[in-house]
Amino acid sequence: MHFHKFQNEIHHDAVQLNYGISLIMPLQKSDKLAKTFLSTAMVCLLAGLIFGLAGGIQYVVPLWMKDSFPFTRLRPLHVSLVITWIFTAASGGIYYYLPRIVKRPLYSVRLGWLHYSLLLLSVLTITVGYFSGIFGGREYLEFPPVLGLLILSYWIVFLINYFSTVRKYEGKWPVYLWMWSVGLIFFAFTFLESQLWIIPFFRDNIVRDTTIQWKALGSMVGSWNMMVYGTAFFLMEKISGKTSVVFARKTFFFFFLGLTNLMFNWGHHTYIVPASTWIRDVSYIISMTELLILGNIIYHWRSTVSEINRYGNINSFRFLSAADIWIFLNLILAILISVPAINLHTHGTHFTVAHAMGTTIGINTMILMASLIFIRENYPRHENTIKVSAGFWICNISLLIFWLSLLVAGFIKSIYQGQLSHQDILSRQIPWFFTIAISGFLFLIGMILIIKSVVKVRSKE
Amino acid sequence: MNKKSIVFVALSICYLLYSAWVYTLGTQGSANSCASDAAAIRGKLVYQKYNCAACHQVFGLGGYLGPELSTTMSQLGKSEDVMRAFLQYGTARMPILHLNENEITDVIEYMKYIDKVARESNYNGSPIAAINFHANRN
């Protein structure tokens, strides 16, 4: 579509944010679609946190809903909804930002709504299935494999819409377009790979099956990290007002190292699976770099941003800064648990959960919250800043307590594993599970404060 | 094709080759790694149907509310009857799953199969034994 025609179709609402940051974010026909994705993502996040809290309570009070609503249902509800939050918020952000980056409307808003309808259908079907105790899949993808077709179909629709839009971009791609593109492609590949178990050649060999399951899931995490980190780079560019970093040779060098990690560093999940030792060795060599790379980039970006720019978009900036700190903490943990000698003790303990929570909540959720707030603050309304600020601090402090408690619980298991019975180890971990449940509750409160503030502003628009 | 695209394509080719190797030679395991017993294969599907992985681990993968199951069949006191009782009546933490007799038998066969593979690789569900595992393989 010709650019002038495009200009006639959109309403220009160029907004001059405070402190002189020029940030032209004209309204798009696809904005309603993007915001519907973001609203759905927030609902999934809150629901996922509630189920996570209920699961945490069952750790402390084993008899609570043990037979009526057991942990076997709570855990997949929690995990799938929280993962849906990440994917849906990242996808909504892409739908919002992409037409502005390409300076063309979205290829097809109708396809976008088809994507959303299929997504909603799959979320509802899977959630109702989990509620009813209908499983049949694998850890983290516990739904019957036939439902995977729904996920695959909406992802293909998303791929068509995304690439048909982005191909109209003129000039060299900034790093975030690369990251989104790679994330989208690799999600499709790894999702297909995660379903290989339905073929007997893969399913009937426990070594092959377990290794490939974790190969797929490990790289799938990398695929959504690409989508989320791409969003972080876009936000950084817009907040700092500097475009050089997203085209810099150094940035691309790190991006490709990150991609190498996505492809090859999944092996630390399977160090103790009796597959070829090459898998462990390749993974160990590569896994030392990923978070260090991103931490390095973000660290240097921060040092170049002026104080005025920082305060101009303060809420988004705060969440990105929090992600910085969580990257730093998870970097240390990731390096430690990737060392085979340490991994032998931490694998199968809550160290792994701490790493997963630090990444999905500390890094991904903080970046996605920055994105949500950035979109919100495209409109010059700041009346809810105090609530967002309170929510921010409650979330991060409670998450830190949560994360540290998981580490202590993991440490206890790693010490007593092989010496005490499982039940005895659990009883020693109980005080820390209690702390985990309490801090999880506080995190939920903090998140409600933030989301309530975002929704309140949107409802006024 | 620009430099970035070349790097991307080169990495992707390496990844696909590595994946092919992982799918085949890299994960062959031993002769016993492949389940030959139909009951064990059915048992694996029952394990998935009831989402046992939410609480239990196999080779350290799965949830942490319940114990690691890789070598549970050969551990002291964990005879087939004990396993059958767990599956039938649950425990203080484990819910009653209402498995039928055939499902219980199949899950036990699956547990025996995993146990055989784990024992063969000197893995007993604890990190201490796992230290020996790679040493022996090397």
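So that the names make sense, note that chain A is the first sequence line, chain B the second, and so on, each numbered from 1.
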Can you tell which part of V182(A) gets under 4.5 Å to a heavy atom of chain B, answering side chain, backbone, both or neither? side chain
Side chain to side chain donor-acceptor pair (under 3.5 Å) against Y176(A), all qualifying residues, sequence neighbours excluded: E237(A)
Do N205(A) side-chain atoms and Q28(B) backbone N/O form a donor-acceptor pair below 3.5 Å? yes
Checking D204(A) now: which residues fulfil side-chain contact (heavy atoms from CB on, under 4.5 Å) with it, not counting sequence neighbours? P200(A), C34(B), I41(B)
Count the heavy-atom pairs under 4.5 Å between each of G90(B), C52(B), G26(B) and chain A, then report the option with the highest count. G26(B)
The interface call for W266(A) against chain B, heavy-atom contacts under 4.5 Å, is side chain
To the nearest 0.5 Å, tell me how far L61(B) CG sits from Q213(A) CD. 7.0 Å
Minimum-distance pair of heavy atoms, taken over all atoms of Y23(B) and R208(A): O-NE, 2.8 Å
Out of curiosity, Q48(B) CD to E142(A) CD, how far, rounded to the nearest 0.5 Å? 10.0 Å
So, do R203(A) and L45(B) sit near enough that their side-chain heavy atoms are less than 4.5 Å apart? yes
Can you tell which of F8(B), Y113(B), Y18(B) has the highest number of heavy-atom pairs within less than 4.5 Å of chain A? Y18(B)
Is it true that a side-chain atom of R93(B) and a backbone atom of L63(A) form a donor plus acceptor pair closer than 3.5 Å? no
Chain B shares the most heavy-atom pairs under 4.5 Å, among W278(A), F201(A), F264(A), with F264(A)
Can you give me the closest heavy-atom contact between F256(A) and K4(B), atom names plus distance? CZ-O, 3.4 Å
Sort by residue number and list every residue of residues 421-430 of chain A having at least one heavy atom under 4.5 Å from chain B. H422(A), Q423(A), L426(A), I430(A)
Any N51(B) side-chain heavy atom under 4.5 Å of R75(A) side chain: no
Crowding at CH2, W21(B) (>12 non-hydrogen neighbours, <6.0 Å): yes
Examine F135(A) together with Y50(B) and report whether their ring centres are nearer than 6.0 Å. no
When every non-hydrogen atom of L11(B) is compared with those of L259(A), the smallest separation belongs to CD1-CD2, 3.9 Å
Out of curiosity, H347(A) NE2 to E68(B) CD, how far, rounded to the nearest 0.5 Å? 8.0 Å
Heavy-atom contact with chain A under 4.5 Å, split by part of T91(B): backbone
What are the two closest non-hydrogen atoms of S19(B) and E193(A), and how far apart are they? OG-OE2, 4.3 Å
Is F202(A) close to T27(B) at the side-chain level, that is, under 4.5 Å between some pair of heavy atoms? no
Which residues share a salt bridge (charged side-chain N to carboxylate O under 4.0 Å, His left out) with K66(A), sequence neighbours left out: none
Is it the backbone or the side chain of L65(B) that comes under 4.5 Å from a heavy atom of chain A, or both, or neither? both
So which of W173(A), F189(A), F433(A) has the biggest tally of heavy-atom pairs under 4.5 Å with chain B? F189(A)
Atom NZ in K49(B), atom CD1 in I134(A): separation rounded to 0.5 Å? 10.5 Å
Interface moiety of I212(A) toward chain B, non-hydrogen atoms closer than 4.5 Å: side chain
Measuring from atom CD1 of I96(B) to atom CG of D67(A), what distance do you get when rounded to the nearest 0.5 angstrom? 5.0 Å
With a cut-off of 6.0 Å (strictly less than), are more than 12 heavy atoms of other residues, nucleotides or ligands near CZ of F411(A)? no
Heavy-atom pairs under 4.5 Å with chain B are the metric here; pick the option from T211(A), T349(A), T260(A) that has the most. T349(A)
Please round to the nearest 0.5 Å and tell me the distance separating atom CZ of F252(A) and atom NZ of K3(B). 13.0 Å
Any chance the rings of F186(A) and Y15(B) have centres within less than 6.0 Å? yes
Does any part of the side chain of F59(B), heavy atoms only, come nearer than 4.5 Å to the side chain of Y271(A), both counted from C-beta? no
Counting heavy-atom pairs under 4.5 Å with chain A, the top scorer among P95(B), C55(B), A40(B) is P95(B)
